[in-house]
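The structure under discussion appears below in the form of structure tokens.
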Number of protein chains: 2
Amino acid sequence: MLSKKTRYALKALVVLGKNFGGIPIQISRIAAEEHIPKKFLEQILLDLRNAGLLFSKKGSGGGYGLVKDPSEISVVQILRLTGGPVALLPCVSLNFYQKCEECENEDTCGIRDAFVEVRDATLKILTETSIADLILREKKLLEKFGL
Amino acid sequence: MLSKKTRYALKALVVLGKNFGGIPIQISRIAAEEHIPKKFLEQILLDLRNAGLLFSKKGSGGGYGLVKDPSEISVVQILRLTGGPVALLPCVSLNFYQKCEECENEDTCGIRDAFVEVRDATLKILTETSIADLILREKKLLEKFGL
DNA sequence: AAAAAAGTCTACTAAATCTATATGCTTTGT
DNA sequence: ACAAAGCATATAGATTTAGTAGACTTTTTT
């Protein structure tokens, strides 16, 4: 499961993505709109900023904005930045690899082998999906359901 | 990430799968071979037994065995039994669904939509992969690598 | 210049979950 | 009768996650 941190980050990036090119948006506004605890969101956006994804502006009229076009930010990138795991086993993770203590020989582990496949399938989707895609998906769903 | 409980369960089932049709295997033996804390494994195997996957025999010469052929036990079944999540978001889970508190309208959430795809891709693999497949994978890897 | 608006940074706490251990009980074979 | 093994529940310990607090800096407005 993704952590709340990761989920909140994705939510916030979708909001910022919709606003790409416009004036900065305040943390408090995103927090209110998306029902995210403000102080928690502060930390998350700060991380994303320090990773170079967002710019920020202090003082009145300040806030956050995307540095890059939303189509150039992949979902998998966000998961990794916020520590959300992609692989379901540590011994299968590309970015957060850890040896399975209980495993004798990783190279011949059938369980591991199966979960490599799962990882690759997941990775393919999450690499191909950008923040812009998330926004597009929402738009299409709105057309399909609501008005 | 899968919990240790789930990982231990899979490990144990592979051992039991290799022995399908033979005499029962003791918890202590599986624990020693697979480097799993014995008391923890006790609980896990008990759960699997109570779910109808394993039979057990008490007393001297007792132990555990698979009730069904290893080809008839899917990996996804084990994940669900041991509480391991398949979906990466609670609002996307088929068996452990929970509403996202912070989400206004699930039907039009682009994030959710993307993770439905991830879930389906994962589910496909894990449904098609049985304990017998895990054993087969190990065998093939042994041929490829070791002697 | 002062005040207000907003982000920055670090530390801490609380809650939940996961992992593991302990203890005593029951069943079965010798 | 005794030992081997599983059954069942309770509890402790560790780790992670989620959230809160508070003091500080920068920028704009008045």
Side-chain angles (χ1 to χ4, degrees), chain A residues 1-9 11-12 16 23-32 34-67 79 81-85 88-90 96 98 100-102, chain B residues 1-9 11-12 16 23-32 34-67 79 81-85 88-90 96 98 100-102:
Chain A
M1 285 275 177
L2 301 185
S3 64
K4 291 225 172 187
K5 185 175 178 184
T6 300
R7 279 149 66 183
Y8 292 160
K11 288 263 181 197
L16 294 170
I23 59 172
I25 301 181
Q26 293 85 343
I27 294 174
S28 53
R29 193 177 132 198
I30 301 175
E34 302 297 323
H35 308 107
I36 299 171
K38 187 189 159 197
K39 273 298 197 179
F40 196 15
L41 185 59
E42 262 183 36
Q43 296 177 45
I44 295 167
L45 295 186
L46 196 54
D47 284 350
L48 297 178
R49 187 203 96 114
N50 290 335
L53 241 63
L54 304 180
F55 70 85
S56 64
K57 199 176 166 234
K58 286 183 178 180
S60 183
Y64 277 102
L66 284 191
V67 168
L79 294 224
L81 268 175
T82 56
L88 291 178
L89 291 177
F96 300 94
Q98 271 185 288
C100 286
E101 308 126 24
E102 72 270 12
Chain B
M1 287 275 177
L2 301 186
S3 64
K4 291 224 173 188
K5 184 175 177 183
T6 300
R7 279 149 65 183
Y8 292 161
K11 288 263 182 198
L16 293 170
I23 59 172
I25 301 182
Q26 291 86 346
I27 295 174
S28 52
R29 194 177 131 198
I30 301 175
E34 302 296 323
H35 308 108
I36 301 171
K38 188 188 158 196
K39 273 298 194 179
F40 196 15
L41 186 58
E42 259 183 40
Q43 295 176 49
I44 296 167
L45 295 186
L46 197 54
D47 283 350
L48 297 178
R49 187 203 95 115
N50 289 335
L53 239 64
L54 304 180
F55 71 84
S56 63
K57 198 172 167 237
K58 285 185 178 179
S60 183
Y64 277 101
L66 285 190
V67 167
L79 295 224
L81 268 174
T82 56
L88 291 177
L89 290 176
F96 299 94
Q98 271 185 289
C100 284
E101 306 126 24
E102 72 270 13

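No hydrogens, no waters, no symmetry mates; every other heavy atom, side chains included, goes into these values. Below, chains carry the letters A, B, ... as their sequence lines are ordered, and counting in each starts from 1.
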For residues 55-66 of chain A, which side-chain N or O atoms pair as donor and acceptor with protein atoms under 3.5 Å away, sequence neighbours left out?
from	atom 1	to	atom 2	distance (Å)
A:Ser56	OG	A:Arg49	NH1	3.3

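In terms of the salt bridge (charged side-chain N to carboxylate O under 4.0 Å, His left out) criterion, B:Lys38 has no residue partners (sequence neighbours excluded). Judged as a side chain to side chain contact (heavy atoms under 4.5 Å, CB included), and not counting sequence neighbours, the contacts of B:Ala9 are B:Ile44, B:Leu48, B:Ile78, B:Thr82. In this structure, B:Glu34 has no salt bridge (charged side-chain N to carboxylate O under 4.0 Å, His left out) partners at least two apart in sequence or on a different chain.
Remark: A:Glu42 CD to A:Ile36 CD1 distance equals 12.5 Å, nearest 0.5 Å. If you take CD1 on B:Ile25 and CG on B:Leu16, they are separated by 5.5 Å, rounding to the nearest 0.5 Å.
Across the protein-nucleic acid pair, B:Met1 atom CE and D:dT17 atom P stand 10 Å apart, rounded to whole Å. Atom pair A:Arg7:CZ and D:dG19:C1' shows a separation of 15 Å (rounding to whole Å applied). Spacing between atom CD1 of A:Ile44 and atom P of D:dT17 amounts to 13 Å, rounded to whole angstrom units. The NZ-P distance, from B:Lys4 to D:dT15, rounds to 11 Å in whole Å.
Note on A:Phe55: nothing from the nucleic acid sits closer than 4.0 angstrom, heavy atoms only.
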Report task. Could you walk me through whether A:Leu45 and A:Leu54 pass the side-chain contact (heavy atoms from CB on, under 4.5 Å) test, one step at a time? Result -> CA-CA 8 Å; A:Leu45 295 186; A:Leu54 304 180; 3.9 Å; yes
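Using a 4.0 Å cut-off between charged side-chain N and carboxylate O, B:Lys4 and A:Glu101 make a salt bridge.
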Could you write out each protein N or O paired with an N or O of nucleotides 5-9 of chain D at a distance under 3.5 Å?
from	atom 1	to	atom 2	distance (Å)
D:dA5	OP1	B:Gln26	NE2	3.2
D:dG6	OP1	B:Ile27	N	2.9
D:dC7	OP1	B:Arg49	NE	3.3
D:dC7	OP1	B:Arg49	NH1	3.2
D:dC7	OP1	B:Ser56	OG	2.6
D:dC7	OP2	B:Tyr64	OH	2.1
D:dC7	N4	B:Glu42	OE1	3.4
D:dA8	N6	B:Lys39	NZ	3.3

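Nucleotides of DNA chain C with any atom under 4.0 Å from a heavy atom of chain B span, from 5' to 3', C:dT19 to C:dG29.
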